[in-house]
Chemist: 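One structure, pasted below without further comment.
Numbers here are sequence positions counted from 1. First listed ligand is number 1; within each ligand, the first listed atom is number 1.
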Amino acid sequence: MAGRIRDEDIAAVRERARVDEIVGEYLTLKGAGGGSLKGLCPFHDEKTPSFHVTPLRGMWYCFGCGEGGDVISFVQKHDQLSFTEAVERLAGKVGIQLRYEETRPGSAPQHNREIRTRLVEAHHAAAQFYAEQLAESPEALPGRRFLDERGFDRDAAAHFGIGYAPRGGEVLRIHLRQKGFTDDELVTAGLAAQARGAPYDRFRGRLLWPIRDLLGEVVGFGARRLYDDDRIEAKYLNTPDTPIYKKSQLLYGVDLAKKEIARRSQAVVVEGYTDVMACHLAGVGTAVATCGTSFGEDHARVLRRLLRDQDEFRGEIVFTFDGDAAGQRAAMRAFEGDQRFVGQTFVAIEPAGLDPCELRQRSGDAAVRELVARRQPLFHFAIRTVLGEFDLDSPEGRTRALDRTVPVVARIRDHALRDEYARKLSGWVGAPDELAVVRRVRALAGAPDRGRLRGPAHSPDPGQQSLGIPVHGEVDPRTLSLERAVLRVAVQRPALAGPAFDDLDAEAFLSPAYRALRETVGKAGGCATQGGGSAWIDALLAAAPDDATRHVVAELSVEPVPADDEALPRYVESVVLRLHEVWVSRKLVTLKARLQRTDPSEQTGAYNRLYGELIAMEKQRRDLRERGLGDGA
Ligand SMILES: [Zn+2]
């Protein structure tokens with residue numbers, strides 16, 4: 001048994017394995033300014049990224065949970081490896097041959113030291129062996145035929161690394177033993193099973209899909225039954241959980257899909273291995289599938305980290321279902337739990353009950369892309385599905401449909417969305433009184449009935465409905481004081497506030513009094529051209545519409561600005577930028593609500609336009625934030 005790794009080799013690994021590249025294999029990182037990158041922390045659950053990576057220093061740190069370290073400790077912690085195992089894993093990744101110190105006589109043997117590395121190596125060798133069998137062995141003909149019948153040629157099989165497990169009970173075991181692996185290792189890896197102490201190949205006479213982790217290493221297999229006399233009835237068998245295979249987290253195809261998922265802010269979850277293949281070959285490169293288990297929280301966490309994170313907006317997760325029944329069951333589950341991500345969850349249903357693999361065979365690649373493009377928001381789908389059980393042409397049917405669906409809508413937690421769907425529900429059912437439906441939903445949800453409806457769904461002016469302002473007009477005091485600070489500098493130092501202030505529309509101010517003053521500044525000619533001083537104050541007073549506004553001008557003209565002359569330009573810039581950012585954030589909320597109300601299948605053009613606007617606005621906000629933080633203000 002070898003001893004500890006030489007220090008200079010550890011140093012070489014640390015140098016060659018760039019922290020941003022390695023961490024970037026596990027989660028999507030985005031620029032955070034100053035050469036740093038950030039993403040969603042894999043070590044605690046979070047909605048906004050506080051996990052920072054500094055490539056220059058080779059370090060990572062999470063401001064959310066306080067974890068941090070270098071590239072080795074990241075892999076160690078993420079994959080739950082020992083220090084040595086993490087170094088070995090990284091060395092393999094970056095191509096460094098490790099050398100070990102001689103073990104001192106009498107030192108404790110390190111039995112577990114290399115286990116993970118060995119299991120990964122065994123899988124690598126097994127995958128290669130199985131793939132050769134599929135390509136060359138006469139026995140594998142049924143496997144090749146299976147693929148052929150589903151429209152997958154040799155290139156496709158090779159691209160996905162598909163293999164064939166021979167029917168004999170120990171073909172793989174003998175092959176791997178010749179390569180130096182022990183029976184213990186093969187059993188621990190899940191490649192061999194054991195009966196009465198005798199190990200035998202776990203997979204026999206089956207078609208195999210290698211399942212890879214985020215780093216692209218094979219850690220297990222999914223195996224399809226091929227023969228009628230297979231003593232194992234299950235159509236699919238999977239590797240059991242092992243030190244390197246955790247079915248609750250693994251997603252088939254994620255190694256191929258992760259870049260596309262980040263790039264397109266979309267992940268498509270399909271049900272089977274052949275569906276992943278069909279989607280990728282059809283041009284939906286964001287498809288993944290769970291491996292012998294249903295989609296759970298851990299899977300969602302993995303995808304959320306890969307989805308290019310736009311602060312609160314997290315892209316789409318689209319679930320495909322063959323037929324309504326499975327989709328309906330899944331959709332109804334969306335009403336449970338905390339619903340935090342449900343706004344970004346969509347379903348794509350193939351009406352004829354075909355899965356993506358069958359669909360591609362029957363109707364071609366375009367049909368698969370079309371299936372994904374026709375996705376519907378999850379709530380939309382769920383409510384429509386329940387409605388489908390009723391005859392909406394009869395008054396009795398409409399009454400019963402409402403009785404059944406009002407409680408469903410009432411379970412939506414986001415109240416803006418809940419009102420929105422209540423209104424939609426009224427339209428879908430053909431109820432005569434929209435307000436009555438909204439009131440029923442609100443009453444059942446235990447929400448106060450504010451007595452009036454917010455704007456209609458397709459109102460060109462969202463008005464106050466999505467700005468996050470309570471109807472009674474209370475504005476967050478921090479927002480009020482920011483608005484005041486911005487107006488204070490506009491009154492006292494118009495030249496400094498300048499064009500950046502003039503770019504703020506009146507609607508950037510929530511307080512009616514401040515909004516009026518903003519309009520007054522505009523009427524007086526705007527900040528950009530003003531020298532300031534008493535002439536400017538006089539111009540403002542002259543342009544003010546009423547005494548209340550003149551009063552505010554007077555107050556703001558004498559209130560001290562909290563910055564000395566030297567810091568003043570930076571202070572002015574930072575408050576103006578900050579208000580810009582708050583304003584953009586508010587517009588984002590509106591846009592997101594509108595996006596959620598827009599059905600991508602029915603209003604494709606509008607949806608794509610909104611989506612584009614949203615991404616652009618996210619970028620704008622990020623830029624503002626970065627500029628605002630630029631000097632460490
Ligand atoms: Zn964290």
Side-chain angles (χ1 to χ4, degrees), residues 13-14 17-83 85-87 89-90 93 116 213-215 219 243-244 246-251 254-255 258-259 261-262 265 267 288 295-317 337-345 581 585 588 618 621-622 625-626 628-629 632:
V13 167
R14 217 177 244 126
R18 292 177 46 105
V19 69
D20 49 328
E21 282 171 13
I22 298 296
V23 172
E25 302 263 349
Y26 293 86
L27 51 132
T28 296
L29 293 171
K30 298 156 60 59
S36 278
L37 300 157
K38 64 177 178 175
L40 288 177
C41 178
F43 305 121
H44 81 279
D45 206 10
E46 61 176 359
K47 291 181 77 175
T48 50
S50 41
F51 181 91
H52 286 244
V53 174
T54 317
L56 206 63
R57 291 197 288 276
M59 300 297 280
W60 57 277
Y61 182 76
C62 174
F63 291 94
C65 64
E67 292 289 344
D70 65 4
V71 66
I72 297 171
S73 72
F74 177 83
V75 173
Q76 211 182 327
K77 186 163 171 56
H78 191 281
D79 291 349
Q80 288 164 18
L81 304 177
S82 71
F83 176 81
E85 288 162 350
V87 174
R89 182 118 201 245
L90 286 169
K93 178 98 189 143
R116 280 170 173 274
D213 63 11
L214 281 164
L215 287 178
V219 292
I244 57 171
K246 299 275 175 280
K247 71 175 174 205
S248 64
Q249 296 170 8
L250 283 166
L251 289 161
V254 76
D255 54 309
K258 63 183 180 184
K259 290 222 163 60
I261 289 174
S265 295
V288 295
F295 189 87
E297 252 317 296
D298 285 346
H299 296 117
R301 250 191 290 274
V302 170
L303 288 185
R304 287 202 298 268
R305 270 180 236 132
L306 293 176
L307 283 165
R308 191 170 287 281
D309 170 62
Q310 309 274 353
D311 293 333
E312 291 123 52
F313 185 74
R314 337 179 62 82
E316 302 179 349
I317 300 185
D338 65 5
Q339 299 186 359
R340 261 196 304 168
F341 302 100
V342 81
Q344 278 76 54
T345 308
E581 189 197 326
S585 301
L588 270 170
E618 284 285 4
R621 178 169 64 165
R622 219 168 40 245
R625 184 170 295 175
E626 274 166 23
L629 296 174

Chemist: Once rounded to the nearest 0.5 Å, what's the spacing between atom OG1 of Thr28 and atom CD1 of Ile261?
Modeler: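 Rounded to the nearest 0.5 Å, the OG1-CD1 separation comes out at 8.5 Å.
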Chemist: Does Glu297 pair with Arg304 as a salt bridge, N-O distance under 4.0 Å?
Modeler: yes
Chemist: Would the distance check show the side chain of His52 and the main-chain N or O of Cys62 forming a donor-acceptor pair, the cut-off being under 3.5 Å?
Modeler: no
Chemist: Find the distance between CG (Asp79) and CD (Glu85) and round it off to the nearest 0.5 Å.
Modeler: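 The CG atom of Asp79 sits 10.0 Å away from the CD atom of Glu85.
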Chemist: Roughly how far, to the nearest 0.5 Å, is CZ of Phe51 from CZ of Arg305?
Modeler: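 Rounded to the nearest 0.5 Å, the CZ-CZ separation comes out at 9.5 Å.
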Chemist: Determine yes or no for a side-chain-to-main-chain donor-acceptor pair under 3.5 angstrom, with Glu46 supplying the side chain and Cys41 the backbone.
Modeler: yes
Chemist: Would you list the protein N, O or S atoms within less than 2.8 Å of the Zn ion (ligand 1), leaving out water?
Modeler: Cys41 SG, His44 ND1, Cys62 SG, Cys65 SG
